[in-house]
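As the structure is a prediction and not an experimental result, all values here were calculated from the model. For reference, positions follow the sequence shown, starting with 1. We count ligands from 1, going down the list as the structure has it; atoms in each ligand are counted the same way.
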Amino acid sequence: MNFSDSEIVASVMTSQGFDITEKQEEADIIFINTCSIREHAENRVINRLRELQHLRKNKPGLKLGVLGCMAERMKASLLEDEELGMRIDMVAGPDAYRQLPGLLDDIEGGQQAINVMLLADETYADISPVRYAAGGVSAFVSIMRGCENYCAYCVVPYTRGKERSREPGSIIDELRQLAEAGYREVTLLGQNVNSYKWRDNGSGNLVGFSDLISMAAEVDPGIRIRFATSHPRDISEELLHKMAEYPNICRAIHLPVQSGSNAILKKMNRKYTRESYLKKIEAIKRILPGCAISTDIIAGFCSETEMDHKQTISLMEEAGFDFSFMFKYSERPGTAAAKKFRDDVPEHEKTRRLNEIIQKQQEISLASNKKDIGKTFEVLVEGSSRRSKDNSMGRTSQNKVVVFPSVNFSTGEYVKVRIDSCTSATLKGKVV
Ligand code: SAH
Ligand code: SF4
């Protein structure tokens, strides 16, 4: 989401005559786009800002701007030198990016400037993002902003504001532009894409996510469509059937479960149970055979017992996730969990549980990858493999990484690869 937002910021700035530089020494202003999801993310931002301070020695006029969720969460306190132990010139929240050129005017004389207003209708629909992505194969397209689910642990509703959907025509236009520019894969982004909705003023028709994704898939059958994230409460069988109709909608669903214990899920305000989650998994496997399922898991949420943790491990086995993003619970100021519950699982216990979860996921991923040996997949070539220039890498529709000896093909091409070996993270094979 932040990657996509930075492309919007680049577009706003370049349309006002500013240039982007890859060399930080050349910059007159540096924006850091920030994440508040865990304390660790914020600490990394602070370290990054500290590293940038040395540039001011050679260039005293250099300005630093903090954008995004941390700007929204910490607001004017970021402008106080004592807060971070350094000077920040500008603070702009996720809905203030159109105002950046104006804010730059405000700071020119040495003052500080801030805009952290959240807007109920800002979707940057008309802004064509400047594409940063290397290779020009895969792009992100934001289809909605904000979130109103208020999961107890999560800071997003406070930093990104009300949920709002982007007008579908502008999304489809952006996809057409990407197709013309040679892109082969687009990921539709939102915190909860299954609650996408747009009511057409003229006809009164309602466009839901299932409608939007079929419109997206029809732009160009040579473009793969992915999407993230689905909320387990909102993902519908209608969507799964729609996916089944289009081979270019990727067979991969990211369905964050967070915990396998009903007591913890209730406390997290996730609004589904272990049983209803597993029913959704069963529906995915029934309607979309061969579809990969990935998830997010939080270890050590408030009051989580060993029994709760074991239920997470057993749910991982039952669901058979192809991969997971796994985190230790990090208390975020202002959230319901921070206000109502004690962060009472000791750090060493969170670490132990997280490690068990990671180990379990590696076992399951390896088993899932082993099942792919002998099968042939259509792989979109993304470039050279990180380890060796003689190998190429790409992804299957299931979003699994495949490494294979380079022959005569280029980035952005689809090739058929037969899998002959694997690790828990990668499939290996040869082009057939
Ligand atoms: N909108 C998406 C996820 C957004 S945040 C969804 O609802 O699934 C991405 C992931 O970060 C979450 O799924 C969760 O697993 C993790 N996360 C969010 N807040 C967290 C916190 N306070 N501590 C640890 N992990 C957190
Ligand atoms: Fe956060 Fe929950 Fe919204 Fe996801 S759905 S962004 S976890 S509040």
Does a donor on one side chain and an acceptor on the other come within less than 3.5 Å for [X] and [Y]?
X: Glu72; Y: Thr159; result: no
X: Ser128; Y: Gln177; result: yes
X: Asp322; Y: Ser368; result: yes
X: Glu275; Y: Asn262; result: yes
X: Thr305; Y: Asp308; result: yes
X: Tyr153; Y: Gln258; result: yes
X: Glu245; Y: Ser214; result: no
X: Asp5; Y: Asn33; result: no

If we check side chain to side chain contact (heavy atoms under 4.5 Å, CB included) with Arg73, which of these qualifies: Leu78, Val155, Thr34? Val155

Would you call [X] a ligand 1 contact, heavy-atom distance under 4.0 Å?
X: Lys328; result: yes
X: His231; result: no
X: Asn192; result: no
X: Arg270; result: yes

Under 4.0 Å from a heavy atom of Arg332: which atoms of ligand 1 are those, numbered in the order shown and with their elements? 22 (N)

Counting from 1, what ligand 1 atoms have a heavy atom of Phe327 closer than 4.0 Å? 10 (C), 11 (O), 15 (O), 16 (C), 25 (N)

Nitrogen or oxygen of [X] less than 3.5 angstrom from that of ligand 1:
X: Asp296; value: yes
X: Ser330; value: yes
X: Arg38; value: yes
X: Ser230; value: no

Contacts of atom 1 (Fe) of ligand 2 with protein N/O/S atoms, counting only those under 2.8 Å: Cys154 SG

Among all protein heavy atoms, pick the one closest to [atom] and tell me residue, atom and distance.
atom: atom 4 (C) of ligand 1; result: Gln191 OE1, 3.4 Å
atom: atom 15 (O) of ligand 1; result: Gln258 OE1, 2.7 Å
atom: atom 19 (N) of ligand 1; result: Tyr153 CD1, 3.3 Å
atom: atom 8 (O) of ligand 1; result: Pro256 CG, 3.0 Å

Measure from NZ or CZ of Lys267 to the centre of the six-membered ring of Phe301, then state whether that distance is under 6.0 Å and the direction lies within 45° of the axis. no

Expected output: side-chain Asp81 to main-chain Arg87 donor-acceptor under 3.5 Å: no

Give a yes or no on whether the backbone of Leu255 and the side-chain of Thr295 come within a donor-acceptor separation of less than 3.5 Å. yes

Please list all pairs passing the salt bridge (charged side-chain N to carboxylate O under 4.0 Å, His left out) test where one or both residues lie in residues 197-212, with sequence neighbours left out. none

Closest to atom 6 (C) of ligand 1 (heavy atoms only, candidates Leu255, Ile37, Ile297, Thr229) is Thr229

Would you call Arg270 a ligand 2 contact, heavy-atom distance under 4.0 Å? yes

Any side-chain heavy atom of Cys154 sitting closer than 4.5 Å to one from Thr335? no

